[in-house]
There are 2 protein chains.
Amino acid sequence: MASIHDVAKEAGVSVATVSKVINNYPDVSDKTRKKVSQTIKDLKYHPNVAARGLVKGRSWTVGVFVTSPFTNPFVTELLEGIKTALQNSGYDLVLLSTRFDDDSYSFVEHCLSRNVDGVVGFGVDRDDPHLEELLKSDIPTMFVDADIRGPRAGYITTENKAGTMQAVAHLAELGHSRIAFISGELDNAVGALRHEGYLEGMKTHKLNVPESYVKVSDYSMEGGTVAMNELMELKERPTAVVCTSDMMAIGAISVIHRSGLSVPEDISVVGFDNTYYSEIFSPALTTINQNIRSIGSHAIETLITMIENTDFLPPVVTEPSNLVVRCTTAKPGGAKS
Amino acid sequence: MASIHDVAKEAGVSVATVSKVINNYPDVSDKTRKKVSQTIKDLKYHPNVAARGLVKGRSWTVGVFVTSPFTNPFVTELLEGIKTALQNSGYDLVLLSTRFDDDSYSFVEHCLSRNVDGVVGFGVDRDDPHLEELLKSDIPTMFVDADIRGPRAGYITTENKAGTMQAVAHLAELGHSRIAFISGELDNAVGALRHEGYLEGMKTHKLNVPESYVKVSDYSMEGGTVAMNELMELKERPTAVVCTSDMMAIGAISVIHRSGLSVPEDISVVGFDNTYYSEIFSPALTTINQNIRSIGSHAIETLITMIENTDFLPPVVTEPSNLVVRCTTAKPGGAKS
DNA sequence: CTGAAAGCGCTTACAG
DNA sequence: CTGAAAGCGCTTACAG
């Protein structure tokens, strides 16, 4: 490929001048600028990003820190949002090939040797061994759905509490009183806030919450399966369940079906996320919508602002949520009505 | 971050020597090697990849060329396989932020300016405007599920014909004779081979193929919906349908359900891909399994071989396929039996 | 407005 | 076995 020297020679100027027109510096005469621009086109010259990065100390690259698999639909849609925001930003996404099984592996050092300008993290555990090091480094970072902050790290999340309250309200208004809650871990912001939303919703509607109605599990389909199995054992079985992910809801529904009952006739189920699959799953899921793509886009936009303004304080961004009613919720005993 | 100069000074050697131990050159005394290695650890030194890449003319980076959205489960699982293969390879994946809407955008030039060592492409159309340029460049490329070849480009795919024949055989053995085929475009290898498999399977079982039984559509859920709607109009409605993607199958099933019929009681449906969702969809899909993750891994492994051996001819790799029978196929009229 | 020169952090002949 | 020097393709004070 043509280098800046080739362009300089061809255009009859110095490499410094070529560099100036590439970078849109004002102190270049119109005539020179035109000639150089033309030569750049003729030679199909494109600056070598590595060389530029070497002197500027950056890479126009955003690294991703992810532990959950891509088959997770939340992750998938997030990536779509991220991709969109990156589109005309000048930044590319690099998927650091992490060897999390290797003890001596350091995610931060990987970022440093790749000169990554910023990191977007999701599916990150509070106690991830790489987290502390990342927060201590001064690599700008935006986390999604995790309330992790640092001098250079902010996060973006959804109105978790309000969304969950809406789901409870919806069920209560349908006439349910035995409403259970299948949740991910409670010891982080997302889990805690959804739990709060559930409790407050129940309280608002003066509904009783037996201890056995709150099941903590993980966000996968298997998590929903395990939790729902326990709920089915109860003598006072719930007539409705609020889950904190769509996958959990799908798992719960499969348990209900397997035991010969129907959704929503016998038990109503609400999911969380409104992923693509909540719509194509049969029956289509009633679920709490988060704007996943827009969360992904905002994460990137915010990150880029942080990268380009050292003094921009890492923000906490909250996106709205709302309930989407589809086919998995109905009045209690709907089958017979 | 510490540079090679810091290490050299601290260890009391030249940068050339440090470079030699980093790169495991043999001509370094044991004593020196030890001291330098220790200093590297002490200083937490990690080579700057951009600088190294600048002199070596490469980046230890693989670019991805993808036009289909990540929400496509085939793409998603492929990425998982790719991620796994990349794990200890020393290469990172870079998602080039493509601006395919911008006419002056050139994917190849983007690759060149990022110094990408190779490209893995999927969801690529034969007539993609960027394709010709990519094939002409000498960037090593592996395509997935597209029979695109070039001097430096090979591809990997599945036993498309054999897999489809198995599906037809399964249905024929169940007693079906009116078997329709919902396919993606026929003018590429994947589509053509599956079509051949269908025709040959039908012939083997001496089954008739009315022209109206072959519906060409696109691989999405919508594609399946449109095609199935047309099949439902037929006076001689098929009792079984082979689809060339799971998403198409899911779309077809939703149409069948909406018209008040049941799967598999009234109409049997077979998918293709055996994606994660074929299992959690209800009813669970009978589908032709392709080893998507292993396809992703092999694509990367092959690509790396191509990158590191200039004379390694771009291969064509074919992975096995097999039918996975689940709940969407049964004897014709199964409902009444 | 233009260009010579130093430098970013590496690798690689080459000389010793 | 070791190191001085040139060079990869850029940018940036700085001098003119």
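Every chain is numbered from 1 and lettered A, B, ... according to where its sequence line falls, protein lines coming before strand lines. Worth knowing before you read on, the calculation uses all heavy atoms, side chains too, and leaves out hydrogens, waters and symmetry mates. Everything numeric in this text was worked out from a predicted model, so none of it was measured.
Whole-Å rounding puts the B:D6 CG to C:dG9 P distance at 8 Å. Separating the NZ atom of A:K9 from the P atom of C:dA4 is a distance of 14 Å, rounded to the nearest angstrom. The nearest whole Å value for the distance from the CD1 atom in B:I22 to the P atom in C:dC10 is 7 Å. Taking atom CG of B:N115 as the reference point, atom P of D:dC10 lies 10 Å away to the nearest angstrom. In this entry the distance linking CZ of B:R114 with C1' of D:dG9 reads 15 Å, nearest Å.
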Produce the list of close N/O pairs, under 3.5 Å, pairing protein atoms with atoms of nucleotides 5-8 of chain C; give distances to one decimal.
none

For residues 135-142 of chain B, tabulate all N or O donor-acceptor pairs below 3.5 Å that involve a side-chain atom, not counting sequence neighbours.
from   : atom 1 : to     : atom 2 : distance (Å)
B:S137 : OG     : B:L134 : O      : 2.7
B:S137 : OG     : B:I139 : N      : 3.2
B:T141 : OG1    : B:I139 : O      : 2.9

N/O donor-acceptor pairs under 3.5 Å from side chains in residues 71-78 of chain A, not counting sequence neighbours:
from  : atom 1 : to     : atom 2 : distance (Å)
A:N72 : OD1    : A:F74  : N      : 2.8
A:T76 : OG1    : A:F70  : O      : 2.8
A:T76 : OG1    : A:N72  : O      : 3.4
A:E77 : OE2    : A:Y276 : N      : 2.5

Output side-chain donor-acceptor pairs under 3.5 Å for residues 105-112 of chain A, partner residues at least two apart or in another chain, one line each.
from   : atom 1 : to     : atom 2 : distance (Å)
A:Y105 : OH     : A:H110 : ND1    : 2.7
A:S106 : OG     : A:V108 : N      : 3.4
A:S106 : OG     : A:E109 : N      : 3.0
A:S106 : OG     : A:E133 : OE1    : 3.4
A:S106 : OG     : A:E133 : OE2    : 3.0
A:E109 : OE1    : B:H46  : NE2    : 2.5
A:H110 : NE2    : B:D92  : OD1    : 3.3
A:H110 : NE2    : B:D92  : OD2    : 2.8

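Note on residues 53-68 of chain A: pairs passing salt bridge (Lys or Arg N to Asp or Glu O under 4.0 Å), not counting sequence neighbours, are A:R58-A:D117. Every pair tested for salt bridge (Lys or Arg N to Asp or Glu O under 4.0 Å) that includes a residue from residues 298-307 of chain B fails, sequence neighbours excluded, so the list is empty. Residue pairs meeting the salt bridge (Lys or Arg N to Asp or Glu O under 4.0 Å) criterion with at least one member in residues 32-53 of chain A: none, sequence neighbours excluded.
Of the residues in residues 23-36 of chain B, B:N23, B:Y25 come within less than 4.0 Å of DNA chain C through at least one heavy atom, sorted by number. Listed in residue order, the members of residues 40-50 of chain A having a heavy atom less than 4.0 Å from DNA chain D are A:Y45, A:H46, A:P47, A:N48.
Below 30°, between 30° and 60°, or above 60°: for B:F100 and B:H130 the angle between ring planes is between 30° and 60°, a tilted geometry.
Between A:S19 and D:dC10 there is no side-chain polar atom (N or O) within less than 4.0 angstrom of OP1 or OP2. Between B:K56 and the phosphate of C:dT12, there is a side-chain N or O to OP1/OP2 separation shorter than 4.0 Å.
A search for salt bridge (charged side-chain N to carboxylate O under 4.0 Å, His left out) contacts involving A:R126 returns A:D147, not counting sequence neighbours. Applying the side-chain contact (heavy atoms from CB on, under 4.5 Å) test to A:N88 and every residue at least two apart in sequence or in another chain returns B:R99.
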Dot-bracket line, read 5' to 3' along DNA chain C, where crossing pairs take [ ] and | marks a partner on another strand, Watson-Crick or G-U under 3.5 Å | |||.||||||||.|||
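When A:I22, A:V21, A:V28 are each tested for a side-chain contact (heavy atoms from CB on, under 4.5 Å) with A:V36, only one passes: A:V21. Just one of A:V317, A:T318, A:T158 meets the side-chain contact (heavy atoms from CB on, under 4.5 Å) condition when paired with A:I295; it is A:T158.
Counting heavy atoms from C-beta outward, B:V120 and B:I82 have side chains that approach closer than 4.5 Å.
Side-chain atoms of B:S19 do not come within 3.5 Å of backbone N or O of B:V15 as any donor-acceptor pair.
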